[in-house]
Number of protein chains: 2
Amino acid sequence: MEKTGSIKKVLGKRIRALRLEMGLSQEAFADKCGIDRTYMSGIERGVRNPTLVVICAIAAGLEMDLSHLFMFDGCAGKDGESTTCDS
Amino acid sequence: MEKTGSIKKVLGKRIRALRLEMGLSQEAFADKCGIDRTYMSGIERGVRNPTLVVICAIAAGLEMDLSHLFMFDGCAGKDGESTTCDS
DNA sequence: TTGTGACTCTTAGTCCGTC
DNA sequence: AGACGGACTAAGAGTCACA
């Protein structure tokens, strides 16, 4: 395990960007997700490796679908080419 | 934490369905993803709570994008309504 | 307002089996 | 082929004080 060293960072950046779009502080957002502030900090910085249920809670806090949360860049131009994981 | 009791089951079913589409056995697929046979069994049955990197490894094993892995049903009919987590 | 190290407790994840 | 259990090690969950 622990190839895929970057997915955590990529997701963290994505979460942070989305949080900022909502105009929430880390603390306010963490609270909304039911997660500790410092834990959220670690996730955004990509140093934590959250589990499915935590990711799901974050998606809920973002009021967003899980599939949308993982649309990092090439959201949906054609069909099958966007974020094939592991950078 | 541990609301969202069903996301694990939903994802597990999705993974199993996709694996079967590929015509792989649980063991062969687990091997392809680089994770343990029994662990994969638990994930498919929804009793395990895999981490981001494991989910990513599975997506890679499915030769599929993470965002696509989480498109459970209403893939993209309208816009914002498909799998808003936590059933 | 956020980053970070350290900490406890739980669980992710592996490996051995049996049914 | 896959469900399920036990035992184990590594790592995540969740929290704190402090910068």
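Below, chains carry the letters A, B, ... as their sequence lines are ordered, and counting in each starts from 1. This structure is a prediction, so every number in the text was calculated from the model and none was measured. In what follows, every heavy atom counts, from backbone to side chain, and hydrogens, waters and symmetry copies are set aside.
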J.: Rounded off to whole Å, could you give me the CG-to-P distance for the B:L52 and C:dT11 pair?
T.: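 Checked: the CG to P distance equals 20 Å.
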
J.: Rounded at 0.5 Å granularity, tell me how far NZ in A:K8 sits from OG1 in B:T51.
T.: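 Atom-to-atom, A:K8:NZ and B:T51:OG1 are 8.5 Å apart.
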
J.: Between B:R19 and B:E44, is a side chain to side chain contact (heavy atoms under 4.5 Å, CB included) present by the stated rule, with each step listed?
T.: CA-CA 10 Å; B:R19 171 178 65 80; B:E44 287 193 356; 2.6 Å; yes

J.: Take A:D36 and B:G42, find for each the nucleotide of DNA chain D with the closest heavy atom, and name the residue whose nucleotide sits nearer the 5' end.
T.: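 It is B:G42, whose closest nucleotide lies nearer the 5' terminus.
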
J.: Determine: side-chain N/O of B:R16 to OP1/OP2 of D:dA3, distance under 4.0 Å, yes or no.
T.: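 Affirmative; the distance criterion is met.
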
J.: For D:dG12 and A:T51 - does any side-chain N or O of the residue sit under 4.0 Å from the phosphate oxygens OP1/OP2?
T.: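 For A:T51, the contact criterion (side-chain N or O under 4.0 Å from OP1 or OP2 of D:dG12) is not met.
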
J.: With side chain to side chain contact (heavy atoms under 4.5 Å, CB included) as the test, would you mind laying out the steps for A:M22 and A:M64 before giving the verdict?
T.: CA-CA 12 Å; A:M22 298 182 82; A:M64 169 174 282; over 6 Å; no

J.: CD1 of A:I55 versus P of C:dA12: gap in Å, rounded?
T.: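 For the pair A:I55 CD1 and C:dA12 P, the rounded distance is 12 Å.
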
J.: Rounded off to whole Å, could you give me the CD1-to-C1' distance for the A:I43 and C:dT4 pair?
T.: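 That distance rounds to 15 Å.
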
J.: When you get a sec, tell me which of C:dT1, D:dG12, D:dC4 is the closest nucleotide to the side chain of A:N49?
T.: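 Side chain of A:N49 sits closest to D:dG12.
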
J.: Given that A:R48 and A:Q26 both sit by DNA chain C, which one's nearest nucleotide is further toward the 5' end?
T.: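 Looking at DNA chain C, the more 5' nearest nucleotide goes with A:Q26.
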
J.: Would you say B:R37 places a side-chain N or O within less than 4.0 Å of OP1 or OP2 belonging to C:dC15?
T.: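 False: B:R37 side-chain N/O out of range (4.0 Å or more) of C:dC15 OP1/OP2.
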
J.: For the pair made of CG in A:D31 and P in C:dT2, what is the distance, rounded to whole Å?
T.: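 To the nearest whole Å, that distance equals 13 Å.
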
J.: From the set C:dG3, C:dT14, D:dA1, return the single nucleotide nearest to any side-chain atom of A:T38.
T.: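 Comparing C:dG3, C:dT14, D:dA1 against the side chain of A:T38, the answer is C:dG3.
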
J.: Can a side chain N or O of B:R19 be found less than 4.0 Å away from OP1 or OP2 on D:dG2?
T.: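 Result: yes.
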
J.: How long is the line joining CZ of B:F29 and P of D:dA3, in whole Å?
T.: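 Roughly 14 Å, once rounded to whole Å.
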
J.: Whole angstrom is fine here: how far is it from CD1 in B:I15 over to P in D:dG2?
T.: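 Nearest whole value for this atom pair: 14 Å.
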
J.: Check whether any side-chain heavy atom of B:I7 lies under 4.5 Å from a side-chain heavy atom of A:I55, and answer yes or no.
T.: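 No. Closest side-chain heavy atoms not under 4.5 Å.
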
J.: So, taking the atom named CG in B:L66 and the one named CG in A:L11, what distance separates them when rounded to the nearest 0.5 Å?
T.: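 Rounded to the nearest 0.5 Å, the CG-CG separation comes out at 8.5 Å.
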
J.: Expressed in angstrom and rounded to an integer, what is the separation of B:M40 atom CE from C:dA12 atom P?
T.: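 After rounding, the reported distance stands at 15 Å.
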
